[in-house]
Amino acid sequence: MHGLCERIDETVGYIRSRWSREPRIGIICGTGLGKLIERMEPAETFTFEELPHFVPSTALGHAGKLICGKWHQTDVVALQGRLHFYEGYTLQEITFPVRVLHALGIDLLIITSASGGMHPQHHPGQIIVLDDHINLMGDNPLAGWNDDQLGPRYPDMSSPYDPPLIEKALDLARQQNISADRGVYVGVKGPNYETRAEYRFFRAIGGDVVGMSTVPETLVAIHAGMRVVGLSTVTNVCLPDALTPTSGQEVINVADSASRNVGVLIDGLIRHESKTMRGELFP
Ligand code: HPA
């Protein structure tokens, strides 16, 4: 998209005029997971409305703030609330914040989300550490003109979620007695939850969880050369032969009660990363 670099620079300039640290880690808070940020010491907060070229968040359970601050002496930037394809925005618009995070210096993006669990052993509140995804959104944020300054025309997608950090997240969960598993995320446009036939289909093609986000942000982060960790909380169990109705409020409530555990994993990942950055551990 022509002019994208200029728009990114303008937003970065606006942020840097009030916060000039060099963050390496970014966090996207999914539905009902905005409370994660309570573990962070905020230094500066921007609303999506005030940030040049950001569009406002309209989704239930998404505040729409970009928060800069410290998490364990490590500079981080968090998006409290995210943008979704079903809000009517283009995938380029909803992934613009990821471009900005990268331009601020972030090379590790932790993406959280809520999702429907299709694996027979899933239960509400369980955390799925993503190890792959299937893009069924019917679009791609990387389609259209490619600016080679931002990333390659044909990015590799053989392991979009960072393998060592998948293992680290699963280890942390085991140590802390948090119920977690690895899985494949199916990304759909939404906004409706799925029919029984759709859940059956997504399971049959290799999906473990399904949700309305994450995939566009991951595609852009990989295009930009970042590492990605995906943590998705199962908020509703979607077994097609025993499906019960679900609602946006139920999804928010379950995500909210699991947010402590997601916070524990992010905490451990940030500690691990900051030690690696200081050279105390081999990556
Ligand atoms: N489907 C799609 N997105 C979701 C679901 C679901 O069942 N649960 C939470 N987000």
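We count ligands from 1, going down the list as the structure has it; atoms in each ligand are counted the same way.
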Pair Asp171 + Arg174, salt bridge at N-O below 4.0 Å
yes
Using heavy atoms and a threshold below 4.0 Å, how should the contact between Thr246 and ligand 1 be classified: side chain, backbone, both, or neither?
neither
Salt bridge or not between Lys70 and Glu41? Use side-chain N to carboxylate O under 4.0 Å.
no
Using a strict cut-off of less than 4.0 Å between a Lys/Arg side-chain nitrogen and an Asp/Glu carboxylate oxygen, indicate whether Glu273 and Arg227 qualify as a salt bridge.
yes
Do me a favour and list the nearest non-hydrogen protein atom to atom 5 (C) of ligand 1 with residue, atom name and distance?
Gly116 N, 3.3 Å
We want to know whether Asp181 and His119 form a side-chain donor-acceptor pair, criterion being a heavy-atom distance below 3.5 angstrom.
no
Ligand-residue contact atoms, ligand 1 with Tyr199, heavy atoms, under 4.0 Å
1 (N), 6 (C), 7 (O)
Hey, would you say the His133 and Tyr161 ring centroids sit under 6.0 Å apart?
yes
Under 4.0 Å between a side-chain nitrogen and a carboxylate oxygen: does that hold for Arg203 and Glu198?
no
Of all protein heavy atoms, the one nearest atom 3 (N) of ligand 1 is Gly211 CA, 3.4 Å
Using a 4.0 Å cut-off to any heavy atom of Met212, which atoms of ligand 1 qualify?
2 (C), 3 (N)
Are Arg182 and Asp208 within salt-bridge range, i.e. N to O under 4.0 Å?
no
Please identify which atoms of ligand 1 are closer than 4.0 Å to at least one heavy atom of Glu194.
1 (N), 2 (C), 6 (C), 7 (O)
Atom 8 (N) of ligand 1 - nearest protein heavy atom and its distance:
Asn236 OD1, 2.7 Å
Look only at interatomic distance and state if Cys238 has a nitrogen or oxygen under 3.5 Å from any nitrogen or oxygen of ligand 1.
no
Could you tell me whether Ser113 approaches ligand 1 through its side chain, its backbone, both or neither, with non-hydrogen atoms closer than 4.0 Å?
neither
Option nearest atom 10 (N) of ligand 1 (shortest heavy-atom distance, choices Ala114, Pro191, Ser213):
Ala114
Taking Thr233 for its side chain and Gly125 for its backbone only, find out whether a donor-acceptor pair lies under 3.5 Å.
no
Check Thr235 against ligand 1 and report side chain, backbone, both or neither, counting heavy atoms closer than 4.0 Å.
side chain
